[in-house]
Structure formats: C-alpha cells, structure tokens
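Here is the structure we will look at, set down as structure tokens.
Naming: A, B, ... by sequence-line order, numbering from 1 per chain.
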Amino acid sequence: MASDLDLSFTLVALAPFIAALMAPYIFRFLKEYSSWALAIIPAAIFIFLLSFLPEIAEHKTVSAGFAWITALGVDLNFYLDGLSLTFGLLISGIGTFIVLYSGAYLKGHAHQGRFFAFILMFMGSMLGLVMADNLIALFTFWELTSITSFLLIGFDHSREASRRAAIQALVVTGGGGLSLLAGFALLNLITQHWNMTDMFAFAPALKQSEFYLPVLLFVLGGAFAKSAQFPLHFWLPNAMEAPTPVSAYLHSATMVKAGVYLLARMAPILGGTELWSTILPIFGGITLLWGATFALKQTDLKQMLAQTTVASLGLMVMLIGIFNEAAIIGVVLYLLAHAFYKGAMFMIAGGVDHSAGTRDITMLGGLARKMPVTFIATILAAAGMAGFPLTVAFLAKEEIYGALVETDVLTLFSQPQNLIAALVILVGNALMMAVGLAVLIKVFLGRQKPTAEHAHENSFSFWVGPAVLGILAVLAGVMTAFMGHNFVAPVASHIINQEVEAHLHLGFDIVTKPAFVLSLLTWVLGTLVFLVIDRIRVDLASLVERANISFDKIFDWLMFGLVRLSDAITRFLHHGRLEIYLTLVFLMFAAVFFGPLFLMQVDWQPLQMPQLHFYEWSTIAIAVAGLAAVLAARTRLQAIVSLGIQGFSVAILFLLYGAPDLSFTQFMVETLSVVILALVMTRLHLDQADIRGVSDRMRDGSVAFISGLGVTALMLLVLQGNLDMRLTDLFAATSVALAHGHNIVNVILVDYRGLDTLGEISVVMTAGIAILALIRIRSGGRQTGIGALKPEPRKAPK
Amino acid sequence: MLEQVLAALVGIFFAASIYLILSKAIIRMLLGVTILGNGVNLLIFTLGRVSREVPPIVSNGELQPAAGFANPLPQALILTAIVIGFAMFTFLLVLGYRAYQELDADNTDTMRVAEPKDAPRPPLSY
C-alpha cells in the first residue's frame, strides 16, 4: 500500500536524481538561468520538510517508504525524526544556495550542466542517507555520497592534483564504507533486523554481546573515514581541489557530517558504554587539535577553512563521546552553527577568489570597501567561528563548556578527564577563532594589497548564500526558545534516548555561569594567537617541511605499492608462456579426476577378463597404434595420416556397438579433417619434428599419463553405478507413437532436442563466418596484419 | 566388461591428446585437440553403456525397438559434438595458419603479441 506520504518521502530522495538527469539539458536551454530553475528542487524539498517541523517538535516521528527486497527484509523506507529533519533541512536549505552560487561561480564553464547533475545527485544521496531507516538503504546512499564526492572533487579532471584528491577521497571514504557494511551485517546477524527503529529494543542486549566490540569498531571505522577523523583525516584538505561550491557543500556543511550523523543515529543502539566514551573523545580530541593547528599553517583560504572543518568534526565526535545531556545539546547547536558559518565562509572564500583573483591570505588585504556585502557576511560568519554572543555558536560553546563544568571551574581539577577535555576544546576553539579572525581582518581590513585594486563586489548569487547563512546564525542564536523546542530537544532526545527539554536562553545572567570563564579564556587565547598568526604560520610550515613525512606521502606510497604489487602478481601469473598455462590446467584436470577417488570410499569391484571378439580387440589395437603413430611421427604428413587411423578406428567402434549414424558422420568428418589439414599445413614451412627437449617430454608425458589414468579411473568408478535409463526409455517408447520417426537418434536430434541442434548449426555458421573473416582480412589488400592491430602506445597523462 | 576396456582406451586417447597439446608446436596442438574430441566422444558413448550390434531403430510396423537396443541418448549428444568439434577444428586450423603467416612462427614461445615480454609498467601517477 503506497500512501501519499510513502510517495512524497521517496520523492524527496529521488527528485534530485531525476533533476540530475535533466540538468545537462536544462543547462543547454536556459544557460546562465539554469541555476535558478534547478534551485527550485532543493527549495521545494526544504519547504516540504519544514512542514513536518511542528509534528517533530512534539517528539513524534514519521515513517514511510516502499518494500524493496522483501525476502531479505530490505526496504526502501524512510524515517523522519528530529535528527533526520535537522539534517534534511540543512542539506536542502544550504543546497538551494549552493545551486545558485554554482551558477555564478562556474559561469561560462563548458561543463556546467554536468556539474549541476553531480551536485544534485549528491544532494539526493545525502537526503536519502539521513532519512533512511533501513541499514542497507542507508549504506547504499552512503556509498552514493562517496561516489558523487569523487566525481565532484575530480570535476576538473585535467589536473593531476584533482584526480589524486578524488581517488584519495574515494579510497578512504569508500574503504570506510566497507567497514560500515561489515558492522551493519553483524548488527543484522545479532538483531535479525535491518531497520534501525527495530534495533533500538536490542540495545541493552547488544551492549552485553561479545560482538559489541567488533560492531562498534566497524561502525566507527566507517564514520571516522567519512568525517575525516585522525588518522583518516588527510583526504579532506586535499578535497579542496574541488570547485568551491563543492567544498562549501560537501566538505564542510553536509557530507563530512555524515559520520557525525551516523554516530548520533547509532548512539541509542551503540552509545554510552565505557568503550564509546573512551574511543570517541580520544580520536575526536586529537582530530580537533591536529586540524586547528594545521589550519594556522595554511596560506590558502580554502585550506585554512578545510583544516578547521577537520577540527570541528573532531569536536563533534568528541562531544558525542562524552554523551551527557549538555554535551549532546552542545553538539546539536554546534552542528547547526558550523553548517551556517562554515558554509558561508567557503562561499565567501570562493567569492574573494573570483573577485581578487587569489585565495592566498598573504596576498589579500583591504577588500572591505570593494566588497561591502561580502564583508558584512564575513563579519557574521567570523563571529560564529569565534563563538561570540548573539550567534548560535555562542550557545553551543556555553553548552559544551557546561557539559564539562558542573558547578565551579575549580572542580575541573578534581576530574582529570574533564580537565583534559576542557583544555583540548579550549585550545581548539581558540585556534579556530584565530583563523576566523584572520580571514576577516587580514583579507578585508588593513592596507589594500595590489590584488584588491581590481576587486569588485560579486553578483547577487555569490553573496546571497553567505549573507542568509550569516543572518541565520544570528537569528538562531537569538531565538533560543524556538531553537530549543524545535531542533535541539528532538535531536538530543533521540541521541541519548530520553526526553530532553532544552532550556536555552540568552541573558546577562549567563556571565555568572561557571562555563563562561572558559569562554572568556577562549576569546583571550584566540585573540593572542591571531596577533602572532603570521609567525606561527612560518614556524609551523618550516617544522612540517623538516618532518619530511606526511599522511599524503604514506597514502601515495601505499597506492603505488598496490599498483606495483598487482603488476608483480599479474606478471607472475601471466608470464606469457602457453605451455605453463596448459600444464597448470591439465594438472588441475587430473586433480579433479583423482579427487573423488580419494575423497570417496570406493569399493572396487574385481576386474574380470573381458570377453571380446577378435575383431573388437583388433579395432582397439588399431586405434592405439594410430595414436602411437601420431606421437611418433617424424614429419607432418605422417602425423596427419596417422590422425586418420585413430579417427577411423573410432568410427568402426561406433559401428560395432550399434551406432551407425555416429559412424557415418565420424567417417565423413575424419576424412574431411585429414584432407583439409594436409591441404593447409603442407603449404607452410613448419618445424618437422617435435621441438621439445627430453626433460620437457618427460614432464609433459607424466602430466598426460596422470590425466589419462585419472580419466580411466573415474570412468571405471562411474561404470560401477547404475545408469538412469528413464529418458532413454521414454524416447524409445514414444519415438514412433508421438514423433512418427523410426530412427530414435534422429528423432531426438530434430524433435526432442531440436533447439540443441539449432545451437549446433549456429556454432557451425559462426565458425564459418569467423574463418571467412580471418581469410578476408588478408585478401583485402590493406595492411591489416596482426602487427597493425597492436594497440596504440599508452599516452602519458598530461 | 566391454565398457572397462573402452574406458582404458579413452584414457589412452586423453593421454595422447594432452601430450600433443602440451607441445609448443601449433600443428601438434591442433592434432591433440582433434584427438581430445574423439576421446570425449568415446567417453560419453562408453558411459551411456555399450551393447553390441542393435541400433536404436524401430522396425517398420513396430512401436518399440528390439530388445537390447543401443542407448540412443548419448548417440544424439555425440552426433552434435562431432559436428561442433569439426567446426572448432577448422576454425583453429585457420587461426593457426593465419598466425603462422603473420608471425612467421609455429612455436608458442615466440608468439607474444598478446602478452609481450617487455610490457610497459603501469604508470605510477594518478
């Protein structure tokens, strides 16, 4: 039964794919206006999802979908709760602006239609991912996001750096996907369900299960790869090779958060254990510090932002690991804050690049007057990055610090774990704030650098996204009650699996809270770091240069090692020597014959002296003699004629044992074979005798002997059994009665197995055509020898 | 005991054909393929059980063949196999003939167009 709801939910995930198919054609007709047409899709999805907000805010959930592979319990079913709705709104909402932005950013690009197709496909995959209830559906969409990410990073495929980044992202996130699949399969084995909603009931038992550890590790492997957690983080900064809209959309606002989403989604099933609260904060914390530190080293705006994205992802993973109410409320707020300000920041970076012609922060300065609207958007975004009051990031920061400090900052010193966590978060936040300030102040204020001379404010499509996101970041920070009721509470309730009411508020009493001290410290430290950021950058850069090792190099080393390994294996197996291939084949052949004899308990019946007539013995002897003559033949002609001897003996055997039809055919074919062979082969100047040496002959002889013995032994074994004569009896009984034929063999060929005979005729015809072609290639007069068929030498990639 | 003797003969056919196929000369391999075809046909024939002299043909006016008739089913299969084997043989023959003309060799060791000895290494770049 498909209701409207089932259809519309499925359409949310599928509509972008349909739009993707049409995008190139739409682009052909509408040119620069196509982004406006295509933006309708995500906008419509956004509005559709928004209509569920009141329902979701009451902690209700909506399920819909279709049966997919019923026999395996795999359905294409969707599930909307606070978590998926929040993500769905982010994906479709930011997606709308990204589509508009792409239209302006890639203006005049020949393959803009293709780009739209990719980005819409990604959007559909991502929407499917966050709404899927079934793990198989989730996995499918998960891998689709990896693939579309690959296509988008490698969009500018003429550059090697692009191709490398694309492959790197695919290998890391795709590999993570395989790990995830293993985890899902284990979950299914334990719970017998594929739907996550059905798994929640199994959570207590699962956490006791001995499979809990592998399940957790596999799932974390997938989530960490996707969300760029240390040590799998290195692909994300490289992914900045993609066009800026992609960086803003996939690699900051949405796709990289899929890992965080999965952790949040799985938290009721897997979360809250000792292990969970140990692994997640450790990896998240390292990722946070690593990303924040490396952000300071960069000069490229996009690289700076990418590294802080790594840091932010680390922070979110850390918070999900800490797993208390305040931490989870913090992570929900931070998720929104980050999507707003980081999405905006990337679009701003792209806008600056487009206008000033560079993204290098050391070459930029004083753009504020030239790009006033972008400047204002940047102020809003940087305020979010720094977590200043009135932004949603401020609320997030307060909750995060509040998660660690209960009554007094001094209590931290009695809880070493919380102290370390607080320090890590404080430093990480401060460094990210310094980066935010650098983008704002170094780029837009100060002396005008030469690059600023020709700078100009970009078109509407360039700044509408960042401006709206910046305003949203502030609105969300001010409308605390609305946010708390509609977004934070439903999402947090799901993650920690109990009713949470988020009492967010913004008042001056906030300064009296213990966590506010940490906020103040963050701002002080952030400002200090910003003041010396140029020196830190130079020092870090030289430090990294001296280290002379990086994850990138290790990745290259692994990839090239893999290529070399497969090359070595290929060369080992495909050595190009036919007789070794064949020897292996026949040894396997012999093994297959002898295997059953050894594996089965065989009761051999005693062999009796056969009662054969003299003419039977002599025919068999002639056959053997013919074979021997072929083997011993000194010349070609001798061998060919001897071949005829064994063939005619077989024909006589057929005749003796009641098969006249076979006998006639065999006589004919044998005669033809010998004649044709003699005609063709005597025209060639071939080696006369066997060219093999003695040792080769011994080896080949033994292989041949063993194989022959195996065939005979197996046949003897089979002959001991009973033959099923039902088919034969049927043919014999019905040949005249039904088919009106007296020669049963002929009746079988043309009636009972007529299609077989048709197949046989087709084979003969195909062989004939192939032979004709082989001969015609030559007589055509063109130079078409096999030498000319060699493939073109492979061109070195540009 | 007729079948056991034929089984031994089939083994000899197989051994001879494999020995020929393993030789590096194209023409010997071709002879080996032909013999292998005969060996397989005999194998099917033998495993369908063998009886002397009564062909699976129904006499005029009768509805069933005479008692002790030969098994027609393997015969039908072999008849198909002989024809296909012949088609295969002629194709291989022409293929070998053309290969000799183009490459001027009937020794498989020297025929390395498909898997050249100095095949280029895969590129170590993206």
Between [options], which has the largest tally of heavy atom pairs under 4.5 Å with chain B?
options	value
A:Gly576, A:Ser566, A:Ala767	A:Gly576
A:Ile706, A:Thr766, A:Leu677, A:Asp729	A:Leu677
A:Thr665, A:Val745, A:Leu655	A:Val745
A:Gly710, A:Ala623, A:Gly708, A:Ala639	A:Gly708
A:Leu719, A:Asn743, A:Thr570, A:Asp567	A:Leu719
A:Tyr752, A:Tyr581, A:Phe705	A:Tyr581

When rounded to the nearest 0.5 angstrom, what is the spacing between [atom1] in [X] and [atom2] in [Y]?
X	Y	atom1	atom2	result
A:Thr734	B:Gln64	OG1	CD	9.0 Å
A:Thr583	A:Glu579	OG1	CD	6.5 Å
A:Arg164	A:Ile167	CZ	CD1	10.0 Å
A:Tyr657	B:Thr46	OH	OG1	9.5 Å
A:Gln666	B:Ile78	CD	CD1	9.5 Å
B:Phe13	A:Ser649	CZ	OG	6.5 Å

Return yes if a side-chain donor-acceptor contact under 3.5 Å exists between A:Asp661 and B:Gln75, otherwise no.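 Distance-only check fails for A:Asp661 and B:Gln75.
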Taking the side chain as everything from C-beta on, heavy atoms only, tell me whether [X] gets closer than 4.5 Å to [Y].
X	Y	result
B:Arg121	A:Arg564	no
A:Phe648	A:Val674	no
A:Val703	A:Phe589	no
A:Leu631	B:Leu20	yes
B:Pro74	B:Leu47	no
A:His575	A:Ile580	yes

Side chain from CB out, backbone as N, CA, C, O: work out which of these in [X] comes under 4.5 Å of a heavy atom of chain B, or both, or neither.
X	answer
A:Arg571	side chain
A:Thr757	neither
A:His613	both
A:Asp556	both
A:Leu723	both
A:Val650	side chain
A:Glu616	side chain
A:Phe586	side chain
A:Met765	neither
A:Met668	neither
A:Leu656	backbone
A:Leu612	both
A:Leu662	both

Heavy atoms only, distances under 4.5 angstrom: which of [options] has the most pairs with chain A? Name it, please.
options	result
B:Ile35, B:Ile12, B:Val54	B:Ile35
B:Arg52, B:Glu3, B:Met88	B:Arg52
B:Leu73, B:Ile84, B:Leu79	B:Leu79
B:Ile26, B:Leu95, B:Leu30	B:Leu95
B:Glu62, B:Gln4, B:Arg49	B:Arg49

Angle between ring planes, A:Phe593 versus B:Phe14, binned at 30° and 60°: parallel, tilted or perpendicular?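 Answer is perpendicular, since the angle exceeds 60°.
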Of the backbone (N, CA, C, O) and the side chain (C-beta and beyond), which part of [X] lies under 4.5 Å from a heavy atom of chain A, both, or neither?
X	answer
B:Ser51	backbone
B:Leu77	side chain
B:Ser17	neither
B:Leu9	side chain
B:Pro120	backbone
B:Phe69	side chain

Can the ring centroids of A:Phe667 and A:Phe664 be said to lie less than 6.0 angstrom from one another? no
Under the salt bridge (charged side-chain N to carboxylate O under 4.0 Å, His left out) rule, what pairs show up with a residue in residues 710-725 of chain A, not counting sequence neighbours? A:Asp724-A:Arg726
Do you know the tightest heavy-atom contact between A:Ser735 and A:Val747? OG-CG2, 3.4 Å
